[in-house]
Amino acid sequence: MTYSILYRGPLSSCNYGCNYCPFSKTKNSRAELADDRLKLNRFVSWIASHPQHEINILFTPWGEALIRKYYQDALVVLSHLPNVRRVSIQTNLSCGTAWLGKANKKTITLWTTYHPTEVSMKSFTSKCNELDRLGVRYCVGVVGFKEYIDEVRQLRAAIHSDVYLWVNAYKREQDYYSSADVEAFKKIDHLFEYNTKYYPSEGRRCDTGRSVFSVDGNGDMYRCHFIRTRIGNIYEEGFESNLFERACTNATCGCHIGYIHMPGLSMNEVFGGGALERIPVTAPA
């Protein structure tokens with residue numbers, strides 16, 4: 001069986017201070033980081049001990065994980081495991097990149113995000129150039145604030161044309177975008193309009209809870225990040241019995257890492273095997 005796992009341990013610290021993020025400029029104590037490291041290492045060992053399952057992994061930390069060497073080491077180890085098809089992580093790319101030289105480039109990918117209030121474009125794109133030289137596949141994204149559209153255009157021009165640049169629609173304000181705004185962002189991200197919607201999901205099929213599931217630092221399983229009903233624990237024998245087809249219980253789904261798994265939306269035709277790391281089959285605009 002092939003499983004896709006979204007892992008989110010107890011880490012909740014970030015070196016950036018984005019005003020829309022609750023984890024901006026937060027710090028974990030040494031004890032909290034030690035606990036996070038132990039739980040991460042246990043998860044890596046669990047993946048290695050289940051060679052009968054092919055596994056895709058996306059790390060979605062509450063904060064920035066790659067400034068921690070133990071996360072870098074974990075991704076390198078996972079990238080070389082024979083049963084890991086893909087391992088990726090969401091990151092602001094503020095870490096060094098030399099460690100990626102030890103990773104398996106066939107399996108490791110990065111989901112990177114540019115934060116214009118926290119880092120210069122020159123600094124960020126220089127890191128992108130380093131990834132290009134290392135042969136690491138990655139995507140680049142930004143939050144779609146209208147006041148930054150010119151800077152997003154510059155970013156699109158500055159990174160390699162083969163790299164997908166996604167724009168996360170800002171949906172906290174109703175009717176935030178005019179039709180002209182949508183068209184402007186679509187010229188940068190040809191898939192932008194997909195992310196502007198909340199998709200009706202209640203009672204509809206979703207692969208989460210069957211072939212896709214979330215795991216926390218204790219090993220507790222949830223069908224996704226947005227339905228907080230525990231469905232099992234990976235460290236208990238027979239965890240597979242907790243995974244079967246379920247209809248969604250939320251009214252809508254508006255996040256890429258959620259709606260991408262709804263078969264009715266046919267997102268697999270758009271992203272194929274790059275759904276978790278947000279790298280589409282189709283070429284960038």
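Only this structure's heavy atoms are used, side chains among them; waters, hydrogens and symmetry mates stay out. Since the structure is predicted, the reported quantities are computational estimates derived from the model, not experimental observations.
- Both Val163 and Leu165 are assigned to one and the same hydrophobic cluster, defined by single-linkage of ILVMFWY side chains at heavy-atom distances under 4.5 Å.
- Annotation: salt bridge (Lys or Arg N to Asp or Glu O under 4.0 Å) contacts of Lys69 (sequence neighbours excluded): Asp73.
- Note: Phe239 and Trp46 meet the aromatic proximity criterion, with ring centroids under 6.0 Å apart.
- No option in Trp111, Trp166, Tyr194 other than Trp111 meets the ring pair (Phe, Tyr, Trp, His ring centres under 6.0 Å) test with His256.
- The number of heavy-atom neighbours closer than 6.0 Å to CD of Glu237, taken from other residues, nucleotides and ligands shown, is 12 or below.
- Sorted by first and then second residue, the side-chain hydrogen bond (donor to acceptor under 3.5 Å, both in side chains) pairs with a member in residues 136-146 read Asp132-Tyr138; sequence neighbours excluded.
- Cluster membership check: Ile188 shares its hydrophobic cluster with Tyr176, using side-chain heavy-atom separations under 4.5 Å among Ile, Leu, Val, Met, Phe, Trp and Tyr.
- Counted within 6.0 Å of CD on Gln52, heavy atoms from surrounding residues, nucleotides or ligands total more than 12; the atom is thus considered enclosed.
- The CG atom of Asp181 sits 7.0 Å away from the CD1 atom of Ile149 when rounded to the nearest 0.5 Å.
- Remark: aromatic rings of His261 and Phe213 are distant, center separation not under 6.0 Å.
- A continuous path of hydrophobic side-chain contacts links Met1 to Leu243 [ILVMFWY only; heavy atoms under 4.5 Å].
- Proximity of the aromatic rings of Tyr3 and His50 is defined here by a centroid distance below 6.0 angstrom, and this criterion is not met.
- A 4.5 Å side-chain heavy-atom check between Cys206 and Val212 finds every atom pair outside the cut-off.
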message: Does Cys139 form a side-chain contact (heavy atoms from CB on, under 4.5 Å) with Glu277? I'd like the steps, not just the answer.
response: CA-CA 8 Å; Cys139 65; Glu277 65 267 33; 5.8 Å; no
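- With sequence neighbours left out, Arg223 forms a salt bridge (Lys or Arg N to Asp or Glu O under 4.0 Å) with no residue at all.
- Between Phe271 and Tyr164, the ring planes lie perpendicular to each other; the angle is over 60°, past the 30° to 60° tilted range.
- Aromatic rings from Phe192 and Tyr177 are positioned such that their centres are separated by under 6.0 Å.
- At distances below 3.5 Å, not a single donor-acceptor pair connects side-chain atoms of Asn195 with backbone N or O atoms of Asn168.
- Counting heavy-atom neighbours within 6.0 Å of Arg246 CZ, excluding the residue itself, gives a total above 12.
- With a 6.0 Å radius and a threshold of 12 heavy atoms from other residues, nucleotides or ligands, Lys27 has its NZ atom at or below the threshold.
- Using a 4.5 Å cut-off between side-chain heavy atoms of Ile, Leu, Val, Met, Phe, Trp and Tyr, with links allowed through other members, Leu38 and Tyr70 fall into different hydrophobic clusters.
- Residues Leu276 and Ile279 do not share a hydrophobic cluster, defined by chaining ILVMFWY side chains whose heavy atoms lie under 4.5 Å apart.
- From Leu155, atom CG reaches atom CE of Met121 across 5.0 Å, with rounding to the nearest 0.5 Å.
- Heavy atoms from other residues, nucleotides or ligands lying under 6.0 Å from CZ of Arg228 number more than 12.
- Once rounded to the nearest 0.5 Å, the distance linking CD of Gln72 with OG1 of Thr91 reads 9.5 Å.
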